[in-house]
There are 2 protein chains.
Amino acid sequence: MQTILVIEDDESLRDTIGVLLEQEGFKAVLVGDGRSGLDQALALKPDLMMVDLRLPGLSGMEVCKQVRAAALPTPIVVLSALADEVDKVLLLELGADDYVVKPFGTRELLARIRAVLRRTGPERTRVVAFNETEVDLEHRIVRRRGEEIKFTPAEYNLLTFFLQNPNRPLTRDLILNSVWGYESYPNTRTVDAHIGRLRQKLEPEPNVPRHFLTVHGVGYRFVP
Amino acid sequence: MQTILVIEDDESLRDTIGVLLEQEGFKAVLVGDGRSGLDQALALKPDLMMVDLRLPGLSGMEVCKQVRAAALPTPIVVLSALADEVDKVLLLELGADDYVVKPFGTRELLARIRAVLRRTGPERTRVVAFNETEVDLEHRIVRRRGEEIKFTPAEYNLLTFFLQNPNRPLTRDLILNSVWGYESYPNTRTVDAHIGRLRQKLEPEPNVPRHFLTVHGVGYRFVP
DNA sequence: TGCTTTATTCACAATTCCTTTACAACTCTT
DNA sequence: AAGAGTTGTAAAGGAATTGTGAATAAAGCA
């Protein structure tokens with residue numbers, strides 16, 4: 001499922017867009033200010049992001065700039081108020097892929113999103129990296145300091161699930177459901193055991209985890 | 001005020017629930033059959049609905065299905081008779097958020113309602129900030145001056161409860177009920193201890209609180 | 001002020017929760 | 001069919017959390 005990050009401070013508009021996107025089968029992540037927007041963009045690596053120009057704190061333009069500075073390939077659609085008198089050329093130079101002027105209809109918004117997604121196409125990031133390890137999703141290879149590490153299917157699935165959901169505490173039940181599926185019902189200790197194996201292979205100090213953190217009483221959290 | 005729609009064909013039970021809810025400050029809308037229940041649900045968009053499984057006309061299950069088909073986000077609590085041998089998994093898959101087996105105590109019912117409302121509740125705000133701290137509800141992360149602070153489950157639950165009820169004096173009993181729930185009955189000193197821990201972590205001067213204030217003889221009050 | 005009630009703080013034990021290890025069952029390969 | 005690798009689970013040990021009581025402090029009140 002494609003993820004779209006929406007950075008918009010008007011709460012009601014934000015929610016509207018959120019509902020709209022989810023109806024259309026996207027996963028929508030909503031934030032209200034530039035700072036968290038930028039954080040989310042870097043962590044989530046969404047398939048597309050929509051950025052309001054006028055934002056509290058970090059401005060939309062600043063967010064674009066920093067996203068590009070981080071070499072994220074994520075396409076950006078800018079939302080701007082009519083009054084803003086945007087310099088469109090500047091905007092596109094900043095790295096935006098399209099812009100929509102408020103107020104806009106849902107129909108138009110969706111059309112723009114689809115168009116941008118089509119243009120920028122499905123060249124997903126096939127390699128994810130954190131700390132000293134890189135995961136090549138396409139070839140299903142994990143390297144640490146350039147050296148290949150073997151992963152069993154269960155371990156690898158768990159790892160990629162974490163990669164897709166960084167910085168968020170994931171409950172054991174959620175992990176079981178997502179990685180093992182609805183069909184099988186292993187007990188939740190199983191997750192712990194596998195976390196242990198991940199740590200063994202990927203943490204510099206397996207007993208002082210820096211990436212696969214436990215959130216006591218809740219579950220686990222991966223921080224890249 | 002939060003509106004709760006009750007769909008229950010047993011008139012006396014229906015009235016009992018109605019009175020109970022209104023005592024607790026909810027607005028209760030009562031109907032006796034599935035058809036009108038569904039109509040009301042779509043028209044009212046209540047904050048929560050309680051649905052009896054056995055209903056004349058449209059069954060409770062059918063109501064759930066249709067409500068979900070209409071993409072209403074309203075949480076649903078199902079009421080079922082002991083004899084009904086409910087398939088809980090099926091129920092939850094149908095879109096119900098919780099179920100209560102008849103006969104139930106009023107205490108239990110209220111607790112369930114509160115729990116569901118809390119779960120599904122106003123988690124629209126993803127990041128809340130006050131003074132130098134920000135709480136990222138989605139990531140369950142609390143930061144102070146940008147630095148992450150660890151919170152235990154009890155502390156975190158208490159904190160978010162305060163965030164959701166700012167500027168209002170909250171009695172210890174209310175806090176216990178809301179945060180700890182109905183299953184456990186810790187004594188009210190427990191709340192004090194936890195308030196202390198919150199202050200320790202979040203107040204600039206823990207012994208001169210500016211956010212987690214005590215209301216002598218009453219309870220506590222959070223001012224952002 | 002002195003007295004009573006209420007709140008804070010601290011240390012600690014009970015409990016809950018997590019980690020690790022070992023191992024048996026199971027699945028593939030050969 | 002044996003062997004190698006994988007996986008779920010149980011059990012033991014360790015760590016973190018949490019409720020409580022007792023000592024102390026603060027607030028309210030006459």
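Note on naming: letters A, B, ... go to the chains in the order of the sequence lines (proteins, then strands), and numbering restarts at 1 for each one.
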Checklist line | Between C1' of dA10(D) and NE2 of His194(A), the distance in whole Å | finding: 15 Å

Next item on the list: Indicate the ring-plane relationship of Tyr156(B) and Phe151(B), choosing parallel, tilted or perpendicular according to the 30° and 60° boundaries.
Entry: perpendicular

Checklist line | Which nucleotide in dT17(D), dT6(D), dG8(D) has an atom nearest any side-chain atom of Pro153(B) | finding: dT17(D)

Notebook entry, point to check: For dG19(D), does either OP1 or OP2 sit under 4.0 Å from a side-chain N or O belonging to Asn187(B)?
Noted result: no

Checklist line | Protein proximity profile, nucleotides 6-25 of chain C - base contact B, sugar-phosphate-only contact S, no contact -, cut-off 4.0 Å on heavy atoms | finding: SSBB-------SSBB-----

Checklist line | End axis versus end axis in the helix from dT1(C)-dA30(D) to dT30(C)-dA1(D), the angle rounded to 10°, five pairs used at each terminus | finding: 30°

Next item on the list: Send over the distance from Glu155(A) CD to dG5(D) C1', rounded to a whole Å.
Entry: 11 Å

Notebook entry, point to check: Phosphate oxygens OP1/OP2 of dG8(D): is one of them under 4.0 Å from a side-chain N or O of Trp180(A)?
Noted result: yes

Next item on the list: Can you tell me the distance, in whole Å, between the NZ atom of Lys201(A) and the P atom of dG5(D)?
Entry: 12 Å

Next item on the list: Write down the distance between CG (Asn157(A)) and P (dT6(D)), rounded to a whole number of angstrom.
Entry: 13 Å

Notebook entry, point to check: Tell me: CG of Leu158(B) to P of dT17(D), nearest whole Å?
Noted result: 15 Å

Notebook entry, point to check: Would you say the ring centroid of Phe222(B) lies under 6.0 angstrom from that of Phe161(B)?
Noted result: no

Next item on the list: For residues Leu176(B) and Pro186(B), report the shortest heavy-atom separation together with the two atoms involved.
Entry: CD1-O, 3.5 Å

Check: Do any side-chain nitrogens or oxygens of Thr190(B) fall under 4.0 Å of OP1 or OP2 in dT18(D)?
Finding: no

Notebook entry, point to check: Quick check: does any side chain N or O of Thr3(B) sit under 3.5 Å from a backbone N or O of Asp47(B), one acting as donor and the other as acceptor?
Noted result: no

Notebook entry, point to check: Any ion pair linking Glu148(A) and Arg143(A) (charged N to carboxylate O, less than 4.0 Å)?
Noted result: no

Notebook entry, point to check: Can we say Arg14(B) and Asp9(B) salt-bridge, meaning some charged N sits less than 4.0 Å from an Asp/Glu carboxylate O?
Noted result: no

Checklist line | Contacts of type side-chain contact (heavy atoms from CB on, under 4.5 Å), residue Asn167(B), not counting sequence neighbours | finding: Val223(B), Pro224(B)

Check: Could you walk me through whether Asp33(A) and Ser36(A) pass the side-chain hydrogen bond (donor to acceptor under 3.5 Å, both in side chains) check?
Finding: CA-CA 6 Å; Asp33(A) 68 294; Ser36(A) 4; 2.2 Å; yes

Item checked: Lys201(A) with Glu155(A): basic N within carboxylate O range, under 4.0 Å -> yes

